[in-house]
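Down below is the structure, laid out as structure tokens.
The chains referred to below are lettered A, B, ... by the order of the sequence lines, with proteins before strands, and numbering in each begins at 1.
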Amino acid sequence: MANLPILQFEDKILETVNQNPVVVIIGETGSGKSTQLSQILHRSGYTKSGAIAVTQPRRVAAVSVSRRVAQELDVRLGDEVGYAIRFEDRTSERTCIKYLTDGVLLRESLSDPELKQYSVIILDEAHERSLNTDILMGLMKRLIRLRASNLKVLITSATLDGEKVSKFFSDCPILNVPGKLYPVEISYTSEQPKSYIESSLRKAIDIHVNEPEGDILIFMTGQDDIEKLVSKLEEKIQSFEVGSCMDALVLPLHGSLPPEMQASCCFPLFVTCGSYVRVFSPPPPNCRRFIVATNIAETSLTVDGVVYVIDSGYVKQRQYNPSTGMYSLDVVQISRVQANQRAGRAGRTRPGKCYRLYPLAVYHDNLLDATVPEIQRSSLAGSVLYLKSLDLPDIDILKFDFLDSPSLESLQDALKQLFLIDAIDENGTITRIGKTMSELPLEPSLARTLIEANEYDCLTQALTVAAMLSVEGTLLPGRSKSSKSTEKKRKHPPSELPDGSGWGDHIQLLQIYELWDQTDYSIDWCKDNNLQVRGMLFAKDVRKQLSQIMQKIAKGSLDVRRKERRRDREHDYKNLRKSLCAGYASQLAERSIRHNGYKTLGFKSQLVQVHPSSVLREDEEGMLPNYVVYHELISTSRAFMRNVCEVEMQWVTPILQKLEKLNVNKLSGGSNQPMENTQEDQNIPKKDGPTDDSSSRIQAARDRFLARKANK
DNA sequence: GAGCACTGC
């Protein structure tokens with residue numbers, strides 16, 4: 001710790017912090033900013049008037065950095081130094097340096113908007129621009145006005161956007177702290193390669209044959225490409241004559257890789273160190289490792305021994321389109337911040353080399369400075385509800401001061417969603433329901449479902465569904481297209497797993513969890529049924545947390561098993577589906593008269609299909625239900641509804657009526673459009689910007705609805 | 001009849 005670069009700047013840092021409410025710290029990898037900034041301020045007495053909070057975008061980082069700091073200060077973790085992450089709070093009354101995830105700090109500010117317990121708040125890794133950090137930055141700007149005399153805010157960022165952050169905070173000072181990276185020699189291709197898999201393959205083999213020892217880290221976009229490149233590399237390496245060059249080990253590295261897979265190839269030792277988690281034991285002697293990874297190796301995992309980096313220049317990014325309500329997963333060019341982060345991975349242990357598979361001109365002219373922040377790529381219903389629930393008199397959501405503002409369309413999309421599920425009223429004011437919803441660590445649709453379920457006496461089932469939906473990829477992990485036998489198995493699942501009784505995927509998730517509960521949460525049962533163990537355990541944690549929050553207002557028992565109950569399951573399912581309908585009021589779809597295609601019934605109509613993985617059942621005539629709610633719209637080869645549940649038309653009508661009343665100008669507080677059309681108050685169908693065709697559409701839907709009703 | 005970058009409350 002003695003030779004960490006940041007310690008040479010201790011006086012300068014203290015002087016700047018003493019004189020300014022906000023300071024931006026540019027600190028590269030290895031500067032020690034994550035572990036030292038808090039200690040420097042602690043030493044100079046800032047913890048006398050309150051604690052120091054240091055936020056991290058990732059849980060592992062919060063845990064490992066706090067552990068390190070406790071070690072350096074020679075205190076027990078949880079005493080003077082502690083951490084708080086979801087499901088785990090290791091702090092005490094004595095804690096004066098507290099590491100936490102940005103999400104946890106946001107939760108804390110819900111009960112204490114001025115965050116009075118802290119004298120210093122450090123937002124670490126702000127350049128990653130996580131949704132939560134962005135919101136925190138906006139809140140900090142307001143907080144330093146309110147607490148000018150007794151709050152210091154430090155924000156750490158990357159070289160390329162430090163200026164921007166400084167400007168945001170009224171040109172606050174920027175301090176540069178050098179890192180401890182070794183020099184990395186960067187080279188470019190002369191042209192954009194046609195196939196970056198082929199191009200990576202050639203470059204990797206070229207390094208292997210011509211360059212001295214040192215592992216190679218190759219950044220690809222996803223599992224598919226990684227698997228392709230891995231097998232090509234292995235093939236190529238096997239074709240070399242024995243002894244012509246050093247041994248090689250090719251390792252895939254991506255998020256959906258089960259832990260035991262990693263174990264079988266490389267005996268992983270998960271040793272935490274600094275803010276990083278180190279994977280893999282050192283390679284055998286005279287053996288070069290080829291690690292083919294997604295951007296998980298950019299920040300979340302550090303592989304020791306990497307000397308060469310091959311950067312494809314691309315990354316897969318999930319984006320939300322507020323005009324269609326649809327998500328898509330696109331391959332996009334990385335940003336310059338990301339490119340530099342990737343290059344830096346080559347210089348951690350000694351001087352390295354980074355091969356960018358794109359021309360220098362592309363780096364300069366085409367790449368964005370920084371990655372498009374998450375806040376501009378996500379549905380904002382949850383964040384808007386959060387900000388509304390803070391009930392800050394001086395904050396207007398549409399004018400909230402974001403470092404990068406989301407589009408007006410995106411904010412209005414969020415407001416409409418919230419209105420349809422009763423979280424805000426027609427004037428955009430948060431309702432009591434909305435207030436309760438904001439206390440739940442769930443997306444608004446599921447939070448609303450829980451509240452409705454409490455009224456219909458099926459809260460315990462709704463808790464389970466919400467917990468299961470909080471996990472992604474609970475069912476059948478990974479695809480094994482290598483073996484044909486498993487493909488056949490998939491068509492006729494050998495498992496005994498329930499099928500949702502035909503009602504849809506939510507009910508299936510409930511039934512699976514209830515079965516698991518009956519096995520006393522057996523790990524083997526999960527494995528036997530091809531359920532991802534990690535995911536199931538996560539669902540159990542979430543369910544427990546949600547139960548604790550709902551306990552206060554729960555009308556019945558929240559046990560998974562309700563032994564005293566005699567009622568039939570269909571009745572439970574019906575209530576549950578009814579609750580889901582209220583929660584997913586902005587995620588409704590109506591089937592076409594003649595075929596099994598659907599049209600979404602929100603303010604923006606889309607033609608969509610039920611995802612083929614759904615267990616939703618067709619009737620005797622091969623038709624799917626007339627009305628469904630969906631958890632998510634995802635655009636891949638087509639527009640699909642993922643996780644679908646049948647609802648009944650009489651539940652849908654009131655929602656359609658509410659849709660007609662929807663007036664986005666009023667929801668926005670009317671402040672951005674002073675000339676309001678007063679006709680809207682009288683419920684007269686009208687034209688209204690992006691929602692203009694919705695009235696006639698809804699009218700048509702109601703006509704069809706009435707026709708159906710008449711036919712029955 | 002199809003396919004999953006990465007986080008997080």
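- Checked against B/dC9, B/dC6, B/dC4, the side chain of A/Asn295 finds its nearest nucleotide in B/dC6.
- Salt-bridge annotation for A/Glu125 and A/Lys33: present, with a side-chain N of the basic residue lying under 4.0 Å from a carboxylate O of the acidic one.
- Base orientation of B/dC6: anti (glycosidic angle beyond 90° from 0).
- For the pair A/Thr221 and A/Arg107, nearest-nucleotide mapping onto DNA chain B gives the more 5' position to A/Thr221.
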Show me the donor-acceptor pairs within less than 3.5 Å that the side chains of residues 635-642 of chain A make with the rest of the protein, sequence neighbours left out.
| residue | atom | partner | partner atom | Å |
| --- | --- | --- | --- | --- |
| A/Arg638 | NH1 | A/Gln609 | OE1 | 2.9 |
| A/Arg642 | NH2 | A/Glu632 | OE1 | 3.3 |

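- Among the heavy atoms of the strands lying under 4.0 Å from A/Thr636 are primed sugar atoms or P, OP1, OP2 only; no base atom is included.
- In this structure, the nucleotide among B/dG8, B/dA2, B/dA5 sitting nearest to the side chain of A/His611 is B/dA2.
- Nucleotide B/dG3 holds its P atom 9 Å from the CZ atom of A/Arg642, rounded to whole Å.
- Among the protein residues, A/Arg58 comes within range of the sugar-phosphate backbone only, with heavy atoms under 4.0 Å from sugar or phosphate atoms but none that close to a base.
- A straight line from CG of A/Leu385 to P of B/dC9 spans 18 Å, rounded to a whole angstrom.
- A salt bridge does not link A/Glu443 with A/Arg448: every distance from a Lys NZ or Arg NE/NH1/NH2 to an Asp or Glu carboxylate oxygen is 4.0 Å or more.
- Between B/dG3, B/dC4, B/dC9, one nucleotide has an atom nearer to the side chain of A/Ser637 than all others, and that is B/dG3.
- Atoms CG (A/Asp330) and P (B/dC6) sit 16 Å apart, rounded to a whole Å.
- If you check every strand for non-hydrogen atoms under 4.0 Å, A/Ile296 touches sugar and phosphate atoms only.
- Residue A/Thr101 places none of its side-chain N or O atoms closer than 4.0 Å to OP1 or OP2 of B/dT7.
- Here A/Glu128 pairs with A/Arg58 in a salt bridge; the nearest charged N to carboxylate O distance falls below 4.0 Å.
- In this structure, A/Leu253 places its CG atom 9 Å from P of B/dC6, rounding to the nearest Å.
- A straight line from CD of A/Gln338 to C1' of B/dA5 spans 10 Å, rounded to a whole angstrom.
- Nearest to the side-chain atoms of A/Phe640 among the listed nucleotides B/dA5, B/dC9, B/dA2 stands B/dA2.
- Among the nucleotides B/dA2, B/dC6, B/dC4, the one closest to the side chain of A/Ser300 is B/dC6.
- Nucleic acid contact class of A/Ile85 (heavy atoms, under 4.0 Å, all strands): sugar-phosphate only.
- Between the CG atom of A/Leu387 and the P atom of B/dC9 there is a distance of 18 Å, given to the nearest Å.
- Residue A/Glu227 contributes atom CD, which lies 13 Å from atom P of B/dC4 at whole-angstrom precision.
- Taking for each of A/Val315 and A/Leu440 the nucleotide of DNA chain B with the nearest heavy atom, the 5'-most of the two is the partner of A/Val315.
- When the C1' atom of B/dG1 is taken as reference, atom CG of A/Leu624 falls 12 Å away, rounded to whole Å.
- Candidate nucleotides B/dC6, B/dC9, B/dA2 were compared by shortest atom distance to the side chain of A/His254, and B/dC6 ranks first.
- Taking the side chain as every heavy atom from C-beta outward, A/Tyr386 and A/Ser438 never approach each other to under 4.5 Å.
- Dashed line: the shortest gap from a side-chain N or O of A/Ser470 to OP1 or OP2 of B/dC9 is not under 4.0 Å.
- Contact annotation for A/Tyr386: no contact, since no heavy-atom pair falls under 4.0 Å across all strands.
- In terms of the side-chain contact (heavy atoms from CB on, under 4.5 Å) criterion, residue partners of A/Ser312 (sequence neighbours excluded) are, by chain and number, A/Tyr196, A/Tyr314, A/Arg342.
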